[in-house]
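Letters A, B, ... mirror the listed sequences (proteins, then strands); counts begin at 1. Since this is a predicted model, take the numbers as computed values, not measurements.
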Number of protein chains: 2
Amino acid sequence: MNPDEKKILEEQIKSKSLRHSQPREKILEVFVKANKHLTVQELYFLVKKKYPDTGLATVYRALKLICEAGLCREVRFEDGIARYEFVREGDHHDHLICIKCGRVEEIYDPEIERLQHKIYKKYKFIPHAHNLELYGICDKCSKKHLGGSK
Amino acid sequence: MNPDEKKILEEQIKSKSLRHSQPREKILEVFVKANKHLTVQELYFLVKKKYPDTGLATVYRALKLICEAGLCREVRFEDGIARYEFVREGDHHDHLICIKCGRVEEIYDPEIERLQHKIYKKYKFIPHAHNLELYGICDKCSKKHLGGSK
DNA sequence: CTCTATGCAAAACCTTTGCATAGAA
DNA sequence: TTCTATGCAAAGGTTTTGCATAGAG
């Protein structure tokens, strides 16, 4: 595991006069290793597998902290449940989601980003964040339907 | 009030062998008149003002029906609460949201739409729906902060 | 008369909070 | 020793569901 994330989180902790703790470190570790979108529940169960004493509330609190450190991003798809994804510095991407199997592709289109900034300018908004989700049916799932039963 | 929406809803109701009902008609009426994004709670209180006997569950159920008829769209901003917006045929737009005052601008950029379809093609997804939310600070709110206290 | 829709309350979610205690500095 | 973080349980908020009854066809 890259020590950078740990360092960034530690700095964030120091800068807010909080304390380092075992659960926080372990939650970050499992989260980084998972390397995909996780709901709090999912992360909670992953963490529990290795560290059974962990409480759900701690996962919520740690995730909030990790987000504030800029290490993760909250996204919500159609079901409205918060999902968290690990974010490396300078990284930004949007999502292409299959509504059949739930598969998520990360996408990035600089042209779209540019056009978004034009919109901010046109409406005189200071950019803060944005969210683009494309829902569709992936090739695997669409083939299943063409191929006949089941 | 344009009778078209009522007609579309009635057709949807017929096609699913459901029944016309007073509450459904009234909820649709108030929803269309409001003509903006509403949470279920907001719509519930609006409906209650005119028709005090209405129940919250009925609003949830009616809204789901109205969505299925293609007359409304569910959107979720950062707070994760479902908001519903009335959709006229062929209408599509995205949202520009002020994170300070909550003001919502409807935006539409054909260029962005075109690029989104290129992405679907590139990843071999069949398009279904998409969601673009731009968060920022509107000019009014940013001026408040520059201008000094309060 | 039959079957669906309603209203109410309870339940089922996700998420936050309060509090006594464990643990970090 | 002094605070913060934790785990647990309770509380909050949104959304769904069960059920007896009202209402539509």
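For Y44(B), the side-chain contact (heavy atoms from CB on, under 4.5 Å) partners at least two apart in sequence or on another chain are Q41(B), K48(B), L56(B), V59(B). Partners of I13(B) according to the side-chain contact (heavy atoms from CB on, under 4.5 Å) rule, which considers only residues two or more places apart in sequence or in another chain, are L9(B), L18(B), R24(B), L65(B). Taking R83(B) as the reference, D79(B) meet the side chain to side chain donor-acceptor pair (under 3.5 Å) condition, with sequence neighbours excluded. Scanning for side chain to side chain donor-acceptor pair (under 3.5 Å) contacts around Q12(B) gives an empty result, with sequence neighbours left out.
Nearest to the side chain of I81(B), among dT15(C), dT15(D), dA24(C), sits dT15(D). The side chain of P23(A) has dG7(D) as its nearest neighbour among dG7(D), dG23(C), dA24(D).
The CG atom of L18(B) sits 12 Å away from the C1' atom of dC3(C) (whole-angstrom rounding). Atom CD in Q22(A) sits roughly 22 Å away from atom P in dT21(C) (whole-Å rounding). Separating the CZ atom of R76(B) from the P atom of dG13(D) is a distance of 18 Å, rounded to the nearest angstrom. If you measure from atom NZ of K14(A) to atom P of dA25(C), you get 10 Å, rounded to the nearest angstrom. When the C1' atom of dA24(D) is taken as reference, atom NZ of K16(B) falls 18 Å away, rounded to whole Å. Remark: C1' of dC13(C) and OH of Y44(A) are 16 Å apart, rounded to the nearest angstrom. With rounding to whole Å, Y84(B) atom OH is found 13 Å from dT14(D) atom P. For the pair L28(A) CG and dA5(D) P, the interatomic distance rounds to 16 Å; values are reported in whole Å.
Annotation: proximity of residues 49-62 of chain B to DNA chain D (heavy atom, distance under 4.0 Å) is found for L56(B), A57(B), Y60(B), R61(B), numbered in ascending order.
If R19(B) and R83(B) are placed on DNA chain D by their nearest nucleotide, the residue sitting closer to the 5' end is R83(B). Across the interface with DNA chain C, nearest-nucleotide mapping of H20(B) and K48(B) shows H20(B) to be the residue nearer the 5′ end.
Side chain of Y51(B) to main chain of Q22(B): no donor-acceptor pair is present (N/O by atom type, distance under 3.5 Å, no hydrogens or angles).
Proximity of S21(A) to the phosphate of dT4(D): no side-chain N or O atom is located under 4.0 Å from OP1 or OP2.
Grouped with F125(A) in one hydrophobic cluster are L96(A), I107(A), I112(A), L115(A), I119(A), Y120(A), Y123(A), L132(A), L134(A), L96(B), I107(B), I112(B), L115(B), I119(B), Y120(B), Y123(B), F125(B), L132(B), L134(B), the linkage being side-chain heavy-atom contacts under 4.5 Å among Ile, Leu, Val, Met, Phe, Trp and Tyr residues.
Looking only at atom types and distance, the side chain of E25(A) has a donor-acceptor partner in the side chain of H20(A) under 3.5 Å away.
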